[in-house]
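Working notes for the structure below.
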There are 2 protein chains.
Amino acid sequence: MKPSSDARPGTANSGKRTTIYDIAHSVGTSPSAVSAVLNGTWRKRRISQKLADRISAVAIEQGYSVNLQASVLRRDRSNIIGMVIPKYDNRYFGAIAEQFEEGARQRGYFPVITCTQRDPELEFEAARMLLSYQVECLVVTGATDPDRISDLCHSAGVKVINLDLPGTKAPSVISDNFQGALDLTRLLLRDWGNEDGRSESLYFVGGRTNDHNTSERIRGFLQAHAEKGLNVPQTNILACGYAAQKAHTSLAALERLPEGIFVNSTISLEGVVMWLSELPPERQQRIQYCCFDWDPFAALMPNCVGMAQQDVPALLDHVFNLIKTDLDSTEIKQIACNLRGQRPSQHAGVAS
Amino acid sequence: MKPSSDARPGTANSGKRTTIYDIAHSVGTSPSAVSAVLNGTWRKRRISQKLADRISAVAIEQGYSVNLQASVLRRDRSNIIGMVIPKYDNRYFGAIAEQFEEGARQRGYFPVITCTQRDPELEFEAARMLLSYQVECLVVTGATDPDRISDLCHSAGVKVINLDLPGTKAPSVISDNFQGALDLTRLLLRDWGNEDGRSESLYFVGGRTNDHNTSERIRGFLQAHAEKGLNVPQTNILACGYAAQKAHTSLAALERLPEGIFVNSTISLEGVVMWLSELPPERQQRIQYCCFDWDPFAALMPNCVGMAQQDVPALLDHVFNLIKTDLDSTEIKQIACNLRGQRPSQHAGVAS
DNA sequence: CAATACTGCTTCATCGATTGAGCATTGATG
DNA sequence: CATCAATGCTCAATCGATGAAGCAGTATTG
């Protein structure tokens, strides 16, 4: 026997946590029998029903719970899977986090998520930390430099998957940003040049031109304009980063008001609606927008023509499939977005 | 020396993770020297600068990272603090999660958050799981039955703190729901009986009457009515739970349209605005609402008169203070909310 | 020059759970 | 009755990191 033999049987072992040694002592058996009973391998290890029952009873009575540090250390598998995510402050990342946890639990994993505030250095440090906790697999969501983290994981023999933003050194699962942006822009441009008599090209607000998603969305945005024979001046692309304030500032700096805006994320949209709300009502009403990503309130705002909702369940299904099949490609899987148009009745409300 | 001596020095130890034994072997020194160097205690343990440098170099070269399972098992402290949270799908819980992580990291802890989908059984299981990971402290956010989790933690000698919803067996940090609801209701009732000629009492939508926050908010709601000499019929309280769909259904079932609604959470508000958007525009415009909790888009919706934003930084400050001082009271600390009124220009927009 | 202090490292037990190997005991078989 | 198998359990090594104790060497002191 090893530790604390001062456990008073029958009373909650206050202070220190109960171990299998405490229980073995109370029951008068060996730690290995206790271990077998409590981790479910006791039938295989030929422990009698009677002893198993006694051990279980004492374990419950003393409020035992395994020390997973010890357990994981001994076994080869940790059952922990990690996720690095930039923020929790919008529906997209919120849904990813929730469904990652749910999917992980369903598959018998213990999920650990770390939020890294879009800070590349923190992303890397968080990944390192998760590796130290022996994660079996790491899902890197929306990372600025996913390849650096891929290298880290490979050298530790840990599976990595990129989500939302692709990398070149691990399989990636992302949305079909080009098609989504194309559809969304078409929706906003649908009535352009008709009844309303609008003819200018749209503005594009938010994101960073050097990130893959933004550049793909710009490509879709431009193609939709080309289809209509519209030319987009360089100055209409305001890829000002992912902060609400930046979008606000960029728009406020414009000399002439835009007629329509393609907003690159709900975060940027916060800045856009803030800016809109500061305009006089009659000017507000002229400005329509659409937004990549979905939010239940934003979708019902008066000037919102449509949103592209990323298919989070499908994204995570693919992630978990990759985890299972441990395919070690560097393929980029693209998932279609769901286009959500404005509800008709609200639309009517605006027109009044 | 203990494990894998087949490590080829100079190459990434593919497959298996590098351990201090591998490094000790490569450098030609002892594991304990390696341990001391890599965890920073080497000066205290009188390791020479020269040896420390060689060890560090090899560690970096081989991509070493500590096995925290082993490390935590050996030490008495884990540095892990856990949080159980119901959802990530709104700004309030999103902000709590983000700031919990940030605050924890600043204080040298490793935060682990688990999302439990408002499922009491999952809340309990998740808490149990976090205990198995040797958390030093557990923050239980918005739990249905926090006391049951408190018992669990006490028997394991682990500190617990309730956040958002109070319990009786651990210190709690919550918002001042009564005062917040009182202020918010007053705001919505401000013009009642004047220009608009409205005289009915408001409706209260969302939450559960048997949860502390909802009942406190109802108390504030009623008091604001009493101040105006308004009587609130029992049928105006629609505490239909925390799902958007429930709020929608409850409102749709009403025979007469309400003139004003106090919405108990942004989740419920989703159902409310959905319901509103389905009404004909001229009826929509008559219905004003306010909402406990804050969301940047919801705050700018045409019919929104105001929101009560819970003070997440202050809430978490108190949580971390409690963790530090390990006070074992069962006190309930209440934090004031910030009332956020509708921006004037948007208001004007609605009136037009 | 002996006693003492200091430097720089290694040895080994330990944290708690897991698991292959092995030891009694009982029952079945030829 | 000897042999073999099955049953029910215990022993002890192990996972990787940690740190108290200890052991050589070198430097300092009286």
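Remember, it's a predicted structure, so these values are computed and weren't measured experimentally. The sequence lines fix the lettering, A, B, ..., with proteins before strands; numbering per chain opens at 1.
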_OP1 or OP2 of C:dT10 under 4.0 Å from side-chain N/O of B:S30_ = yes

*Using a 4.5 Å cut-off on heavy atoms from C-beta on, say whether the side chain of A:T29 contacts that of A:L51.*
yes

*asked:* Would you say A:Y64 places a side-chain N or O within less than 4.0 Å of OP1 or OP2 belonging to C:dA17?
replied: yes

*Got a donor-acceptor pair under 3.5 Å from the side chain of B:R74 to the base of C:dT14?*
yes

_Rounded distance in Å - NE2 (A:H25) to P (C:dA17)_ = 16 Å

*Give a yes/no on whether any side-chain N or O of B:N67 is located under 4.0 angstrom from OP1 or OP2 of D:dC15.*
no

*Answer yes or no: does a side-chain N or O of B:S32 lie under 4.0 Å from OP1 or OP2 of D:dT18?*
no

*Is the closest side-chain donor-acceptor distance between B:D147 and B:T168 under 3.5 Å?*
yes

_Pi-cation contact, A:F110 with A:R105 (under 6.0 Å, within 45°)_ = no

*With respect to the phosphate group of D:dG16, does any side-chain polar atom (N or O) of A:Y133 fall under 4.0 Å of OP1 or OP2?*
no

*Could you state the atom-to-atom distance from CZ of A:R43 to P of D:dC9 in whole Å?*
12 Å

*Could you tell me whether A:R148 and A:E121 make a salt bridge, using a distance below 4.0 angstrom between a side-chain N and a carboxylate O?*
yes

*Side chain of B:A33: nearest nucleotide among C:dT10, C:dA17, D:dG16?*
C:dT10

*Rounded to the Å, how far apart are A:D53 CG and D:dC9 C1'?*
16 Å

*Between C:dT19, D:dG16, C:dA17, spot the one nearest the side chain of A:R45, thanks.*
C:dT19

*Would B:E136 and B:R77 pass as an ion pair if we require N to O under 4.0 Å?*
yes

*Just how far, in rounded Å, is P of D:dG16 from CG of A:L131?*
16 Å

*Counting heavy atoms from C-beta on, name the nucleotide in C:dT11, D:dG16, D:dG8 closest to the side chain of A:R46.*
D:dG8

*Does the side-chain contact (heavy atoms from CB on, under 4.5 Å) test come out yes or no for A:Y88 and A:N90, once each step is laid out?*
CA-CA 6 Å; A:Y88 291 127; A:N90 62 73; over 6 Å; no

*Once you round it to whole Å, what is the distance between P of D:dC9 and NZ of A:K44?*
17 Å

*So what does A:S35 hit on the nucleic acid, given a heavy-atom distance under 4.0 Å: a base, only sugar-phosphate, or nothing?*
base

_Need one value for A:D76: base, sugar-phosphate or nothing, where a base atom within 4.0 Å counts as base even if backbone is also close, heavy atoms only._
nothing

*Identify whether any heavy atom of A:L51 sits under 4.0 Å from a base atom; if not, whether one sits that close to sugar-phosphate; answer base, sugar-phosphate or nothing.*
sugar-phosphate

*With heavy atoms under 4.0 Å as the rule, sort A:T29 into base, sugar-phosphate or nothing.*
sugar-phosphate

*To the nearest Å, give me how far apart CZ (A:R17) and P (C:dA17) are.*
11 Å

*Taking atom C1' of D:dT10 as reference, at what distance in whole Å does atom CD1 of A:I55 sit?*
12 Å

*On DNA chain C, check which nucleotide each of B:A52 and A:N39 is closest to and give me the residue with the more 5' one.*
B:A52

*Classify the nucleic acid contact of A:S48 as base, sugar-phosphate or nothing, counting any heavy atom under 4.0 Å across all strands shown.*
sugar-phosphate

*When the distance from CD of B:Q69 to P of D:dT18 is rounded to whole Å, what number comes out?*
13 Å

